[in-house]
Visitor: 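One structure, as structure tokens, below. Some questions next.
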Amino acid sequence: MSKKRVLSGVQPTGNLHLGNYLGAIRNWVTSQSEYENYFCVVDLHAITVPHDPTKLAKDTYTIAALYLACGIDLQDSTIFVQSHVSAHAELTWLLNCITPLNWLERMIQFKEKAVKQGENVSVGLLDYPVLMAADILLYDTDLVPVGEDQKQHIELTRDIVIRINDQFGQKQKPVLKQPKPLIREEGARVMSLTDGTKKMSKSDPAEMSRIEILDSPEAIARKIKRCKTDPQKGLEFDNPERPECHNLLSLYLLLSGKTKEEVTAECQDLGWGQFKPLLTEATIEALKPIQERYQEIMGDRDYLETILREGREKAELSANEVLARVKSALGYSTPL
Ligand code: AMP
Ligand code: TRP
């Protein structure tokens, strides 16, 4: 039996933080040998909010290098850049024309981001989930490993598939394959260091709110030292009145590799002053090998370019085939 297909992606907007790592990439790495994987750097999504053209290409390479540095293995996985495979933009147009506008207006992420853009909110931001659906559907994807915040977008993708198959498929021969989200409970929602009720985010203006994968040990120590805590004695998981406590213990659990029981036993009688150095040490140690590997990869531009070229070639095989299938189902003629 052939392996199930996995596809996921991260936007090249700012550096990756612990939420991206623990909520997404680390899970891709852990399960990659079970699946046939496609991991793209979604640079078309990156321009749905105002962007800096002098940084886009560099940030795209950075994310691709971080995928490799975090342990994505080319034996099991294909790494590529979304804009290098033109089928993504083309399928988006076709899907746009069968997606009702009100489905997009309901999206939580759109509503949240649109508020921040005011008058300048672009059509692209509204259309973001359709582009994401195209990313997923072009690879006949079975599973999409993401953090909790992306679940609604995958549900929308599933609704689009039902609609296309209903309108343009035959019973025995659906046009598109139905994907499912793959959301791990642990790490699915890493919260901000300055507010345990808000998720850690690239777009938070407060740099102290997130630890980035490429942060220096000094920066990590400084951010943890100043992060928000509470005045209560003893540390515990799962107390809704203590969101920061739950978040910091969860980070410690994930980064140290210890179990919940071990962390509970170790930390239940600690004060913040004793706990923070433990978390700092575990974070620095967990990120160190990734940072070292990242420097090596970035030092060899040819290597990275070769990987992305081969990735594009491999991705195009699937993407062009699915695109042709959709065009034919919608009634387009094939150019001679
Ligand atoms: P983005 O930063 O929006 O490009 O997200 C890339 C991936 O990281 C997606 O799978 C998100 O679900 C995941 N992610 C982003 N922020 C967090 C967070 N705070 N906690 C867990 N996962 C996250
Ligand atoms: N929207 C996703 C995010 O911000 C990124 C993304 C784009 C994605 N296309 C995708 C994730 C396809 C999974 C599959 O997190």
Side-chain angles (χ1 to χ4, degrees), residues 5-29 37-49 51 59-60 62-64 66-67 70 80-83 85 88-89 91-92 95 104 107-110 112-113 124-158 160 179-204 209-213 243 246-247 250-251 254-255 315 319:
R5 289 252 179 113
V6 154
L7 176 130
S8 198
V10 172
Q11 301 183 66
T13 43
N15 282 330
L16 294 187
H17 52 68
L18 285 180
N20 301 129
Y21 178 55
L22 299 171
I25 302 176
R26 204 177 75 134
N27 299 330
W28 306 353
V29 172
N37 310 277
Y38 290 84
F39 296 120
C40 59
V41 183
V42 291
D43 57 348
L44 297 172
H45 279 103
I47 68 162
T48 54
V49 292
H51 82 289
D59 288 348
T60 301
T62 297
I63 301 288
L66 277 171
Y67 284 180
C70 288
F80 67 100
V81 176
Q82 185 189 34
S83 67
V85 179
H88 288 247
L91 182 61
T92 300
L95 300 182
L104 298 180
M107 292 293 113
I108 296 164
Q109 187 175 301
F110 170 70
E112 283 175 3
K113 288 195 184 177
L125 188 67
L126 180 71
D127 203 29
Y128 177 116
V130 180
L131 177 59
M132 179 163 163
D135 299 341
I136 296 169
L137 299 173
L138 282 172
Y139 300 90
D140 283 331
T141 302
D142 297 288
L143 296 167
V144 189
V146 282
E148 179 72 32
D149 60 338
Q150 295 302 311
K151 195 168 169 201
Q152 197 188 29
H153 290 159
I154 298 171
E155 279 160 8
L156 178 97
T157 305
R158 292 173 56 81
I160 292 176
K180 286 205 187 92
L182 183 64
I183 300 173
R184 303 270 155 116
E185 215 171 282
E186 282 178 347
R189 265 180 88 74
V190 173
M191 308 311 277
S192 153
L193 294 187
T194 45
D195 178 352
T197 62
K198 262 181 26 193
K199 72 169 190 174
M200 187 177 283
S201 157
K202 287 175 191 160
S203 57
D204 191 324
S209 70
R210 62 183 164 265
I211 292 178
E212 297 184 351
I213 299 185
H246 178 79
N247 186 44
S250 303
L251 284 178
L254 291 164
L255 293 165

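Each ligand, and each atom within it, is numbered from 1 in the order the structure gives.
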Visitor: Does the Thr141 side chain pair with the main chain of Leu143, one donor and one acceptor, at a distance under 3.5 Å?
Guide: no
Visitor: Does one side chain, of Gln11 or Tyr128, offer a donor that lies under 3.5 Å from an acceptor on the other?
Guide: yes
Visitor: Donor-acceptor pair, Asp59 side chain versus Thr13 backbone, under 3.5 Å?
Guide: no
Visitor: Are the side chain of Tyr67 and the backbone of Cys40 linked by a donor-acceptor contact shorter than 3.5 Å?
Guide: yes
Visitor: Within the distance-only criterion (no hydrogens, no angle test), does the side chain of Ser250 pair as donor or acceptor with the backbone N or O of His246 below 3.5 angstrom?
Guide: yes
Visitor: Where is the nearest protein heavy atom to atom 3 (O) of ligand 1: which residue, which atom, and how far?
Guide: Gln11 NE2, 3.8 Å
Visitor: CE/Met132 to NE2/His45 distance, rounded to the nearest 0.5 angstrom?
Guide: 7.0 Å
Visitor: Pull out every atom of ligand 1 sitting under 4.0 Å from any heavy atom of Gly23, numbered as shown with elements.
Guide: 21 (C), 22 (N)
Visitor: Are the side chain of Trp28 and the backbone of Phe39 linked by a donor-acceptor contact shorter than 3.5 Å?
Guide: no
Visitor: Salt-bridge test for Arg210 and Asp204: reply yes if a basic N is under 4.0 Å from a carboxylate O, no otherwise.
Guide: no
Visitor: Taking heavy atoms and a distance under 4.0 Å, where does Leu131 meet ligand 2: side chain, backbone, both or neither?
Guide: neither
Visitor: Are any of the side-chain nitrogens in Lys180 or Asp142 under 4.0 Å away from the carboxylate oxygens of its partner?
Guide: no
Visitor: For Gln11, counting its heavy atoms only, list the atoms of ligand 2 lying under 4.0 Å from any of them.
Guide: 4 (O)
Visitor: Backbone, side chain, both or neither: what part of Lys202 comes under 4.0 angstrom of ligand 1, heavy atoms only?
Guide: side chain
Visitor: Test of understanding: given a 4.0 Å heavy-atom threshold, classify the contact between Gln82 and ligand 2 as side chain, backbone, both, or neither.
Guide: neither
Visitor: Quick check on His17 - does any of its heavy atoms sit under 4.0 Å from an atom of ligand 1?
Guide: yes
Visitor: Using a 4.0 Å cutoff against the non-hydrogen atoms of Ala24, which atoms of ligand 1 qualify?
Guide: 7 (C), 8 (O), 10 (O)
Visitor: Show the atoms of ligand 1 that are less than 4.0 angstrom away from any heavy atom in Arg189.
Guide: 20 (N), 21 (C)
Visitor: Please check whether Gly147 reaches ligand 1 - meaning an N/O of the residue sits under 3.5 Å from an N/O of the ligand, judged on distance alone.
Guide: yes
Visitor: Which atoms of ligand 2 sit under 4.0 Å from any heavy atom of Val144?
Guide: 13 (C), 14 (C)
Visitor: Could you say whether the N/O atoms of Ser8 and ligand 1 ever approach to under 3.5 Å?
Guide: no
Visitor: So which heavy atom in the protein is nearest atom 12 (O) of ligand 1, and how far is it from that ligand atom?
Guide: Asp149 OD1, 2.5 Å
Visitor: Has ligand 1 got any nitrogen or oxygen that is less than 3.5 angstrom from a nitrogen or oxygen of Gln150?
Guide: no
Visitor: Select one of side chain, backbone, both or neither to describe which atoms of Val10 lie under 4.0 Å from any atom of ligand 2, heavy atoms only.
Guide: neither
Visitor: Could you find the nearest protein heavy atom to atom 23 (C) of ligand 1 and give me its residue, atom name and distance?
Guide: Gly19 O, 3.4 Å
Visitor: Just need the protein heavy atom nearest to atom 21 (C) of ligand 1, so name the residue and atom and give the distance.
Guide: Ala188 O, 3.0 Å
Visitor: Does Met200 reach ligand 1 with a nitrogen or oxygen that is under 3.5 Å from one of the ligand's nitrogen or oxygen atoms?
Guide: yes
Visitor: Regarding atom 14 (N) of ligand 1: of the candidates Val41, Val144, Asn20, Ile25, which has the closest heavy atom?
Guide: Asn20
Visitor: Within the 4.0 Å heavy-atom shell around Leu7, which atoms of ligand 2 are there?
Guide: 12 (C), 14 (C)
Visitor: Mark yes or no for whether Gln152, through its side chain, and Ile108, through its backbone, hold a donor-acceptor pair below 3.5 Å.
Guide: yes
Visitor: Can you find an N/O atom of Glu148 closer than 3.5 Å to an N/O atom of ligand 1?
Guide: no
Visitor: Please check if the side chain of Arg189 supplies one atom and the backbone of Gly147 the other of a donor-acceptor pair under 3.5 Å.
Guide: no
Visitor: Going by the closest heavy atom to atom 9 (N) of ligand 2, which one wins out of Val146, Asp135, Ile136?
Guide: Asp135
Visitor: Does Gln82 use its side chain to pair, donor to acceptor, with the backbone of Leu44 at less than 3.5 Å?
Guide: yes
Visitor: When only distance counts, is Ser8 in polar contact with ligand 2, meaning an N/O pair under 3.5 Å?
Guide: no
Visitor: Looking only at distances, please establish whether an N/O atom of ligand 2 is found under 3.5 Å from an N/O atom of Tyr128.
Guide: yes
Visitor: Report the C-alpha distance between Val41 and Val10 in whole Å, list the side-chain angles of each, state the deciding distance to 0.1 Å, and finish with yes or no for side chain to side chain contact (heavy atoms under 4.5 Å, CB included).
Guide: CA-CA 5 Å; Val41 183; Val10 172; over 6 Å; no
Visitor: Quick one: does any side-chain atom of Ser8 pair with a main-chain N or O of Pro145 as donor and acceptor, under 3.5 Å?
Guide: yes
Visitor: So is Lys199 polar-close to ligand 1, meaning N/O to N/O under 3.5 Å?
Guide: no
Visitor: If you measure from CG on Leu254 to CG on Leu22, what distance do you get to the nearest 0.5 Å?
Guide: 5.0 Å
Visitor: Among all protein non-hydrogen atoms, which one is nearest to atom 5 (C) of ligand 2, and what is the separation to 0.1 Å?
Guide: Gly9 O, 3.5 Å
Visitor: So does Lys202 have more than 12 non-hydrogen atoms from other groups sitting under 6.0 Å from NZ?
Guide: yes
Visitor: So is there a nitrogen or oxygen of His153 less than 3.5 Å from a nitrogen or oxygen in ligand 2?
Guide: no
Visitor: Could you tell me whether some N/O pair between Val190 and ligand 1 is separated by less than 3.5 angstrom?
Guide: yes
